Structures are given as C-alpha cells and as structure tokens.
Enquirer: 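Have a look at this one.
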Amino acid sequence: MATSAAGADDGRNKTVTGYPVEPGQFAAGYPAAGAYPYVAPPPPPHTNTYRPMGPPPHYAPQPTGPIAPNRPTLLCRLLIAAVAVFAIMSLVFFIAWLALRPRLPEFRVESASVFPLNATGSELTATWDLTLLANNPNHKLRIYYDSIQASLFYGDDDRIATTSLPPFVLTKRNQTRVGFKLATVGEYVGNSVAKRISDERDHGSVRFGLGVFASVRFRSGVFQSRPRVLRVFCERIDFGFAQKNGTGTLTGESSPCVVDL
C-alpha cells in the first residue's frame with residue numbers, strides 16, 4: 001500500500017512536456033505550484049533622493065531695518081517736485097504781473113549844457129552837464145534802479161564819454177531828476193569826427209545822443225520782479241552855440257526818450 005501511494009504521488013508530481021496537463025503535474029520550464037516564480041527585483045530608487053552637487057549655497061541675511069528707497073526713483077520724484085514748484089511760482093508771478101499792470105518808466109532830458117567844446121586835429125575836449133527827468137506812471141509799483149551807466153554818443157556809433165550814476169528809487173506816481181556830468185579831455189575821436197563836430201559848432205548847433213542802461217526791479221508789497229536791463233535812448237540832444245567860446249546849451253525842448261525793457 002505504501003508503495004502504491006508513493007507511485008501515485010510520483011505520478012501527480014511528474015513533469016510532462018505536452019498539453020493538457022493532468023492535475024498534480026506541471027509543464028516543463030515552469031516551477032512547481034507553490035514555488036516563487038521570479039526573484040524579487042530591487043526597489044526603484046527614490047525620485048526625490050538628494051544628491052549633493054557641491055558646497056551648500058550661501059544666503060545673505062535678510063535686512064531687518066527699513067528698506068532704503070531706490071535712488072533713481074527718489075531723484076525723479078525730487079525733479080518732478082521742483083518742476084511743479086517752479087511752474088506754480090511762475091503762474092503766481094504771471095497772475096500778479098497781470099493784476100498790477102506794470103508800465104515802463106518815462107525819461108526826458110530836462111536841461112543840458114556843454115563847455116568848452118573844443119575839437120582840434122583828432123582829439124576832443126568837453127564837459128557835458130545833463131539833467132534827466134524820470135517819471136514812474138505806475139499806481140501800484142515802485143521802481144528800483146541799480147548799476148546805472150550813462151554814455152554820450154555822436155552820430156550813430158561814436159561813443160564820446162561814459163560815466164556811472166548812483167542808484168535811486170521811484171515811488172508810485174512820482175518823478176525825480178537825475179543830474180550828472182560826462183567829461184572827456186584830449187579823447188581821440190578821429191580826424192573825420194573831430195572835423196564834423198568843429199564845423200557844426202561853427203554853424204551854431206551840434207547834436208549828441210544819450211544812452212542810459214540800468215538794472216531795474218518792480219516791487220509792490222511782497223511781489224518783486226527779477227532784475228531786468230532797462231535801456232533808455234535820447235537821440236536828439238541839440239546844443240546851440242551863440243558865441244564862439246565853445247559853450248553850448250540845450251535848444252528847445254528835447255523829445256521823450258525811447259525806453260526798452
């Protein structure tokens with residue numbers, strides 16, 4: 001019985017090569033039932049495994065205080081603020097200028113004399129005594145005159161003498177007289193200019209011109225204009241010579257001077 005049982009077990013565990021396979025048998029090339037068919041593969045590497053590539057990176061410490069503003073941005077803001085302030089101030093002064101309605105001052109040569117007027121060869125010797133009448137027609141503005149210079153001309157471009165005048169102030173709707181002298185001794189003017197002056201003197205009248213240049217400011221209360229250059233041209237100052245002693249005086253009334261600002 002034992003032998004027959006063993007034979008039966010061997011028949012069930014026998015390896016066969018064909019199909020179909022009877023129960024208790026297994027096909028060639030395959031492990032018997034209950035055996036592990038394959039060797040377990042190794043676990044795949046973790047995708048997030050850290051692989052050091054060198055020394056750890058260095059991180060700068062974060063500032064703990066207030067962050068300073070960007071310099072270009074700050075400069076742009078300052079520039080915009082300066083332009084805005086300048087524009088506002090210009091607008092305020094422009095409105096004040098329109099409200100005050102400034103008018104140019106008026107000038108006229110009130111009196112003039114020359115003595116002695118000698119033109120010999122190419123030289124000129126003379127002393128001019130002049131008085132200017134300056135008028136301020138403005139009702140709300142005072143006029144301040146600074147750095148005043150007066151020059152005497154003969155003809156178109158020949159400057160004969162120059163002098164400086166003291167500063168003065170013209171109040172509202174007021175006028176003042178400014179007296180001064182110009183002198184030249186042995187001044188070289190050229191043969192042609194000296195001859196023309198001598199001939200006109202002998203004929204009884206010589207015409208000179210006066211130019212006055214000054215730095216002026218208009219002021220009313222807190223409003224004050226920036227300094228500007230005032231130009232005054234008195235082109236027709238005629239001196240009459242009744243005698244041949246070289247002394248001449250203003251003939252008639254001179255015309256108003258031309259004022260430019």
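Since this is a predicted model, take the numbers as computed values, not measurements.
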Enquirer: I would like to know whether Leu133 and Gln175 meet side-chain contact (heavy atoms from CB on, under 4.5 Å); could you show each step before the answer?
Expert: CA-CA 7 Å; Leu133 180 63; Gln175 62 182 13; 4.1 Å; yes
Enquirer: Does Thr131 reach the main-chain N or O of Glu110 with its side chain, forming a donor-acceptor pair under 3.5 Å?
Expert: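 Flag not set: sc Thr131 to bb Glu110 has no pair under 3.5 Å.
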Enquirer: Distance check, rounded to the nearest 0.5 Å: Leu152 atom CG versus Thr162 atom OG1?
Expert: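 Here the rounded value is 8.5 Å.
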Enquirer: Could you pull out all residues at least two apart from Tyr145 that satisfy ring pair (Phe, Tyr, Trp, His ring centres under 6.0 Å)?
Expert: Phe168
Enquirer: For the side chain of Thr125 and the backbone of Gly186, is there at least one donor-acceptor N/O pair under 3.5 Å apart?
Expert: yes
Enquirer: Using 0.5 Å steps for rounding, measure from the OG1 atom of Thr171 to the CG atom of Leu141.
Expert: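 Going from the OG1 atom of Thr171 to the CG atom of Leu141 covers 12.0 Å.
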Enquirer: Out of curiosity, Phe213 CZ to Ser147 OG, how far, rounded to the nearest 0.5 Å?
Expert: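 Spacing of CZ (Phe213) from OG (Ser147) equals 13.5 Å.
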Enquirer: Looking only at non-hydrogen atoms, find the nearest pair between Pro166 and Ile148 and report the distance.
Expert: O-CD1, 3.4 Å
Enquirer: State whether the side chain of Thr251 and the backbone N or O of Asp238 hold a donor-acceptor pair below 3.5 Å, judged by distance alone.
Expert: yes
Enquirer: Hey, any chance Phe233 and Leu130 share a hydrophobic cluster, counting ILVMFWY side chains that come within less than 4.5 Å of each other, even indirectly?
Expert: no
Enquirer: Give the intermediate values and the outcome of side-chain contact (heavy atoms from CB on, under 4.5 Å) for residues Phe241 and Leu117.
Expert: CA-CA 10 Å; Phe241 296 86; Leu117 180 64; 3.3 Å; yes
Enquirer: Nearest 0.5 Å please: distance from the CZ atom of Arg207 over to the CD1 atom of Ile197.
Expert: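 Atom-to-atom, Arg207:CZ and Ile197:CD1 are 14.0 Å apart.
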Enquirer: Using every non-hydrogen atom in the two residues, find where Leu124 and Ala119 come nearest and quote the distance to one decimal.
Expert: CD1-CB, 4.0 Å
Enquirer: Can you sort out the partners of Tyr188 under ring pair (Phe, Tyr, Trp, His ring centres under 6.0 Å), two or more places apart, ordered by chain and number?
Expert: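 For Tyr188 there are no ring pair (Phe, Tyr, Trp, His ring centres under 6.0 Å) partners, ignoring immediate neighbours.
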Enquirer: Nearest 0.5 angstrom please: Ser198 OG to Glu200 CD, how far?
Expert: 10.0 Å
Enquirer: In Å, rounded to the nearest 0.5 Å, how long is the span from CZ of Phe239 to CH2 of Trp128?
Expert: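 Between Phe239 CZ and Trp128 CH2, I get 8.0 Å after rounding to 0.5 Å.
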Enquirer: Please identify each residue that fulfils ring pair (Phe, Tyr, Trp, His ring centres under 6.0 Å) with Tyr154, with sequence neighbours left out.
Expert: Phe208
Enquirer: Please check this pair: side chain of Asp129 against backbone of Lys181, looking for a donor-acceptor N/O pair closer than 3.5 Å.
Expert: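 Absent.
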Enquirer: Do Leu250 and Val114 sit in one hydrophobic cluster, given that two such residues count as connected whenever their side-chain heavy atoms are within less than 4.5 Å of each other, even indirectly?
Expert: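 Same hydrophobic cluster.
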Enquirer: Quick check: closest heavy atoms across Glu187 and Thr184, and the distance to 0.1 Å?
Expert: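 Looking at all heavy atoms of both residues, the shortest contact is CB-OG1, 2.6 Å.
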Enquirer: State whether the side chain of Ser90 and the backbone N or O of Phe86 hold a donor-acceptor pair below 3.5 Å, judged by distance alone.
Expert: yes
Enquirer: side-chain contact (heavy atoms from CB on, under 4.5 Å) between Leu261 and Val216: does it pass, once the steps are laid out?
Expert: CA-CA 9 Å; Leu261 185 60; Val216 298; 3.7 Å; yes
Enquirer: Within 45 degrees of the axis of the six-membered ring of Tyr144 and under 6.0 Å from its centre: does Arg217 put its NZ or CZ there?
Expert: yes
Enquirer: Would you confirm whether Ser220, through its side chain, and Lys140, through its main-chain N or O, come within 3.5 Å as a donor-acceptor pair?
Expert: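 Such a contact is found between Ser220 side chain and Lys140 backbone.
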Enquirer: Before you tell me yes or no, could you show the steps for Arg142 and Lys172 under side-chain contact (heavy atoms from CB on, under 4.5 Å), namely the whole-Å CA-CA distance, both residues' side-chain angles and the distance that decides it to 0.1 Å?
Expert: CA-CA 5 Å; Arg142 300 185 302 273; Lys172 309 169 189 177; 4.2 Å; yes
